[in-house]
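Take a look at the structure below.
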Number of protein chains: 2
Amino acid sequence: MIKQRADMVETTTRGETLLFLTDEQLRKGIEAMFFAYRGFTADPDRILADLSYGRAHHRALHFINRNQGTTVNNLLKLLGVTKQSLNRVLRSLIEDGLVESRVGLKDKRERHLYLTEKGAELERQLSEAQRARMRAAYRAAGPQAVAGFRQVLEAMMDDKIRAQYLSLMDANS
Amino acid sequence: MIKQRADMVETTTRGETLLFLTDEQLRKGIEAMFFAYRGFTADPDRILADLSYGRAHHRALHFINRNQGTTVNNLLKLLGVTKQSLNRVLRSLIEDGLVESRVGLKDKRERHLYLTEKGAELERQLSEAQRARMRAAYRAAGPQAVAGFRQVLEAMMDDKIRAQYLSLMDANS
DNA sequence: TTGGAAAGTCAACAAGGCTGACATAAAATG
DNA sequence: CATTTTATGTCAGCCTTGTTGACTTTCCAA
């Protein structure tokens, strides 16, 4: 039997576990998500502010690092913004020498994106700050909680996004 | 012994459970958080777009509903924005008859905020959309996962925010 | 060879953050 | 009572990051 949040759990006569989800309990989850996301972005935001970059730059650096050589179109799908919006961010990163854009070998229309050493350095700084908080939260909550955390987050994604997320997961590890 | 994400879990000779958190595993959590938050806001965003309101209006409606009669200052602390930013949103909500601002009885400097019937109606529509997704995610993941989800989110908040969050939880329920 | 995809650019706009400055009313304090 | 502090509102101006629409260049593929 589950100890935590036992108020949500009921076991039927057939031994099935059901969830009794009141609007109140759902609201707690909604608010937890809101406040936690603020914490989640707080540390990188502080670093970015000093460099006159924003969250959009962080996201671009993150996914380029994670998927070196990705195309602009690919990045567009991951980030879920318009190409004009991404282009503005990408242009400043390229101008500042953090990102390199190489014309595709097979398809010369495509641009493949890579982090420069300078770009990789900033990405490391940003993601290390974010990982530190995530690590602390994971340690505080414990392995069982972490598994649940990931399960609920996955279930909360849009179907198409979840498919992308899962294929990303497969690709790297 | 925990089945899910068993790769993160190790048991010592003294029976303690430890977490082995690789950067890779932390990154998965970070990306899950990013993609899940998109899903989390997607449904209300669609409703708001038709009304030429934004996420900021939703947040204001949510916390006014949750805490009827709250003061502007109170709301400011919860939302973590400047009064100028909140004021712009609040003004439009008041002009459109969704929110009512009453001068404080005890302290006449304070404005106490209430949802009108119209405001409550929109809030219900927005939060029902958001709850529906949360409910589906909770059901899909199961009660144990939900408990873990909440634990990790709480651990991820800034200390001050967590205190606010927890006192909100106590107050209502 | 022609259609369409990929990429980039320009312009214009909006939401929603921010800072700074200032006004007003009322409470709190000496 | 005089002064200071607090709560709120408002004006102006700025930035980031999202949007749409129109248009160009390149170049793959049917």
Side-chain angles (χ1 to χ4, degrees), chain A residues 34 37-38 41-42 44-64 69-96 99-114, chain B residues 34 37-38 41-42 44-64 69-96 99-114:
Chain A
F34 170 63
Y37 199 79
R38 285 241 297 269
T41 56
D45 281 357
R46 267 188 287 273
I47 296 169
L48 290 158
D50 296 337
L51 304 170
S52 72
Y53 286 140
R55 223 174 268 179
H57 298 86
H58 181 194
R59 291 197 283 259
L61 289 175
H62 175 97
F63 283 109
I64 294 170
T70 187
T71 63
V72 172
N73 228 15
N74 221 312
L75 206 50
L76 240 34
K77 281 176 208 154
L78 280 175
L79 295 173
V81 297
T82 58
K83 64 174 178 173
Q84 292 92 330
S85 196
L86 175 58
N87 195 256
R88 182 169 35 202
V89 166
L90 233 34
R91 204 187 319 158
S92 74
L93 291 174
I94 292 169
E95 275 171 10
D96 297 351
V99 167
E100 197 190 337
S101 170
R102 298 187 204 152
V103 173
L105 293 180
K106 224 182 77 182
D107 184 337
K108 292 176 190 166
R109 291 168 303 179
E110 293 180 339
R111 301 302 140 94
H112 296 266
L113 302 168
Y114 299 86
Chain B
F34 169 63
Y37 199 78
R38 285 240 299 267
T41 57
D45 281 356
R46 268 188 287 272
I47 296 169
L48 290 158
D50 296 338
L51 303 169
S52 70
Y53 286 141
R55 222 173 269 179
H57 298 85
H58 181 194
R59 292 196 284 259
L61 289 174
H62 175 97
F63 283 109
I64 294 170
T70 188
T71 63
V72 173
N73 229 9
N74 221 312
L75 205 51
L76 240 34
K77 281 174 207 154
L78 279 175
L79 295 174
V81 298
T82 59
K83 65 172 178 174
Q84 292 92 329
S85 196
L86 175 58
N87 195 255
R88 183 170 31 201
V89 166
L90 231 36
R91 204 188 317 162
S92 74
L93 290 174
I94 291 168
E95 276 171 10
D96 297 352
V99 167
E100 197 188 338
S101 167
R102 297 185 205 153
V103 173
L105 294 180
K106 225 182 76 182
D107 185 336
K108 291 177 191 165
R109 290 171 304 179
E110 293 180 338
R111 303 301 142 91
H112 296 267
L113 302 168
Y114 298 86

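What you see below is based on every heavy atom in this structure, not just the backbone, and it leaves out hydrogens, waters and symmetry mates. From a predicted model like this one, the values you see are computed outputs, not experimental measurements. Residue numbers begin at 1 in each chain, while the letters A, B, ... track the order of the sequences.
- With DNA chain D read from its 5' end, the first of the two nearest nucleotides for A/V103 and A/Y53 is the one closest to A/Y53.
- Checked against the 6.0 Å centroid criterion, the rings of A/F63 and B/F34 qualify as a close aromatic pair.
- Where A/G80 and B/V72 meet DNA chain D, the nucleotide closest to each residue was compared, and B/V72 sits on the side nearer the 5' end.
- C/dG16 atom P lies 13 Å from atom CG of B/L90, rounded to whole Å.
- Under 3.5 Å, the side chains of A/T71 and A/R111 contain no donor-acceptor pair of N or O atoms.
- The heavy-atom pair separating A/L113 from A/V99 by the smallest distance is CD2-CG1, 4.2 Å.
- In this structure, A/R102 pairs ionically with A/E100, as a charged nitrogen and a carboxylate oxygen lie closer than 4.0 Å.
- For A/N87, the side-chain atoms get nearest to C/dG8 when compared with the rest of C/dA7, C/dG8, C/dG16.
- Here the side chain of B/R109 pairs no donor or acceptor atom with the backbone of B/V103 at under 3.5 angstrom.
- Scanning DNA chain D 5' to 3' for nucleotides with an atom closer than 4.0 angstrom to a non-hydrogen atom of chain A gives a first and last hit of D/dT16 to D/dC28.
- Looking at A/R55, its side chain never comes within 3.5 Å of a backbone N or O of A/P44 through a donor-acceptor pair.
- The base of C/dA26 does not come close enough to the side chain of B/K108 for any donor and acceptor atom to sit less than 3.5 Å apart.
- Heavy-atom minimum distance, B/S101 versus B/I94: CB-CD1, 3.9 Å.
- A heavy-atom distance below 4.0 Å to DNA chain D is reached by these residues of residues 54-62 of chain A, ordered by number: A/G54, A/R55, A/A56, A/H57, A/R59.
- Taken from CZ in B/R91 to CG in B/D96, the straight-line distance is 12.0 Å, to the nearest 0.5 Å.
- Atom-to-atom, CG of B/L86 to P of C/dG16 comes out at 12 Å; the value is rounded to the nearest Å.
- In this structure, the CZ atom of A/R111 is 12 Å from the C1' atom of C/dT9, given to the nearest Å.
- What separates CG of A/N74 from C1' of C/dA7 is a distance of 14 Å, to the nearest Å.
- Rounded to a whole Å, the CG atom of A/D45 is 13 Å from the P atom of C/dG17.
- A donor-acceptor contact closer than 3.5 angstrom links the side chains of B/H57 and B/S92.
- One can find a donor-acceptor pair under 3.5 Å joining the base of C/dA5 and the side-chain atoms of A/R109.
- Spacing between atom NE2 of A/H112 and atom P of C/dG8 amounts to 11 Å, rounded to whole angstrom units.
- Base contact: A/R88 has a heavy atom under 4.0 Å from a base atom.
- Phosphate proximity of C/dA5 to A/N73: absent, as no side-chain N or O sits under 4.0 Å from OP1 or OP2.
- The shortest heavy-atom contact between A/R38 and B/K77 is NH2-O, 4.4 Å.
- Of the candidates C/dG17, C/dA6, C/dT9, C/dT9 carries the atom nearest the A/Q84 side chain, counting heavy atoms from C-beta on.
- The separation between B/K83 atom NZ and C/dA23 atom P is 13 Å, rounded to whole Å.
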